[in-house]
Amino acid sequence: MHPCLILCLLGSLPALSGASPFPRRRPSNPGKTVDVKSLMLLMMNDEEDGSGFDFDLPAYPNCPFGCQCNMKVVQCSDLGLHYVPNDIPADTRLLDLQANHITEIREHDFKNLHSLYALVLVNNLISKVHPRAFLPMGRMEKLYLSHNRLTTVPRNLPPLLEELRIHDNNIKKIESRTFAGLHKMNCIELGRNPIKNSGLEPGAFDGLHLNFLRISEAKLTSIPKDLPDSLRELHLDNNQIQSIGPEDLRHYGELYRLGLGYNKIRHIEFGGLYYVQNLRELHLNHNLLSSVPSGLPEMKYLQVVYLHSNNISQVAVDAFCPASFSVKKTFYNSISLYDNPVHYWEVQPATFRCVSDRRAVQLGNYKK
Ligand SMILES: *[C@@H]1O[C@H](CO)[C@@H](O)[C@H](O)[C@H]1NC(C)=O
């Protein structure tokens, strides 16, 4: 896995242990919180000169009431706040405002915060962000807006932003050029928003370089065609995608992980996977496929294929492996086919001749 991509998974990281001067707050709403301690450790790792923190500094004399301030980290979670406090120290690097009752981000809420590295606003009631609110944040790399009530991605995102998490809002539309000018972007989490294909306006992702994108649990009926062509991971699970046409993946030749589980895919047209020759991992479990998609044997690097819980009734001897061994650069280390109406005893063992270990194939039993 690309090391940067790990950062995208921060929300699900277990709390890092170890000595820390920061008292742990009990999350008021487990599963909906950002672990600020992990975030701080990340920030410390990211500090290029290593001098981002002054460990001798005493607690801020002017910490907003009720918050905890220490080493340029200001924690104001679970305080019932309706607005961003107006007296946040100007040199703050990490601002944690999660689990409050903030409904709106106003134009000057972050006026003086030119040094901010990460802003945590998850689990509030935010439905409005002033289009100029993020302008002062020339150094911000991480913005967490999940579990709010936004209907659109805020405009004028900070230019050095690397990670945007805006999961579980009410976003129906991504406007044209929403991400224009963001050249350092690594990861965008847009899952659990009611986005339809028609809600992605033409050029929505224009000018964006991005490694990782998740639009899971949305209302997509096909693979969007205008996503950034730099993508290395694309997660579209839990949508209503019905098929993959020959051109659908045309721009995504850099992909090495593709998640399409829990959709309604009945068929993948011949050549549908032609453009994604670099894939390492393909998840097609929990769909309606009646056969193993064509094109798998030509993928030199494919190692993981999930096809369990489909409607596959036959598996041909050349469904996965090329005729000549030399074609495949890496053998499979996981193929799942269980929960399909195939007679497993009819699948020839040679079908899995390019699998690293026999235990890497999960056939299982079909009971109905
Ligand atoms: C599964 O495939 C069979 C044909 O092999 C078809 O008759 C049936 O309708 C399919 N089931 C679903 C749920 O699509």
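Just so you know, these numbers use all the heavy atoms, side chains as well, and skip hydrogens, waters and symmetry mates. Both counts, for ligands and for their atoms, begin at 1 and track the order of listing.
Nearest protein heavy-atom neighbour of atom 13 (C) of ligand 1: L288 CD2, 4.2 Å. Here the protein heavy atom with the shortest distance to atom 5 (O) of ligand 1 is S313 OG, 4.3 Å.
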Practice prompt. Decide yes or no on salt bridge (Lys or Arg N to Asp or Glu O under 4.0 Å) for R155 and E175, but give the supporting numbers first.
Written response: CA-CA 9 Å; R155 301 307 299 229; E175 291 164 10; 2.8 Å; yes
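Under the rule for a side chain to side chain donor-acceptor pair (under 3.5 Å), N169 has no partner lying at least two apart in sequence or in another chain.
Remark: ligand 1 and N311 share an N or O pair separated by less than 3.5 Å (distance only, no angle test).
Within 6.0 Å of CD on Q314 lie no more than 12 heavy atoms contributed by other residues, nucleotides or ligands. Residue D226 places its CG atom among 12 or fewer non-hydrogen atoms of other residues, nucleotides or ligands, all under 6.0 Å distant.
The heavy atom nearest to atom 14 (O) of ligand 1, considering only K264, R266, Q314, is found in R266.
Note that atom 8 (C) of ligand 1 has protein non-hydrogen atoms nearby, at separations under 4.0 angstrom.
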Show me the side-chain donor-acceptor pairs of residues 283-299 shorter than 3.5 Å, one per line, residues at least two apart or across chains.
{"residue": "H283", "atom": "NE2", "partner": "E281", "partner atom": "OE2", "Å": "2.9"}
{"residue": "H286", "atom": "ND1", "partner": "Y262", "partner atom": "OH", "Å": "3.4"}
{"residue": "H286", "atom": "NE2", "partner": "S309", "partner atom": "OG", "Å": "3.4"}
{"residue": "N287", "atom": "OD1", "partner": "N263", "partner atom": "N", "Å": "3.1"}
{"residue": "N287", "atom": "OD1", "partner": "K264", "partner atom": "N", "Å": "3.2"}
{"residue": "N287", "atom": "OD1", "partner": "I265", "partner atom": "N", "Å": "2.9"}
{"residue": "N287", "atom": "ND2", "partner": "L260", "partner atom": "O", "Å": "3.0"}
{"residue": "N287", "atom": "ND2", "partner": "L284", "partner atom": "O", "Å": "3.0"}
{"residue": "N287", "atom": "ND2", "partner": "N285", "partner atom": "O", "Å": "3.3"}

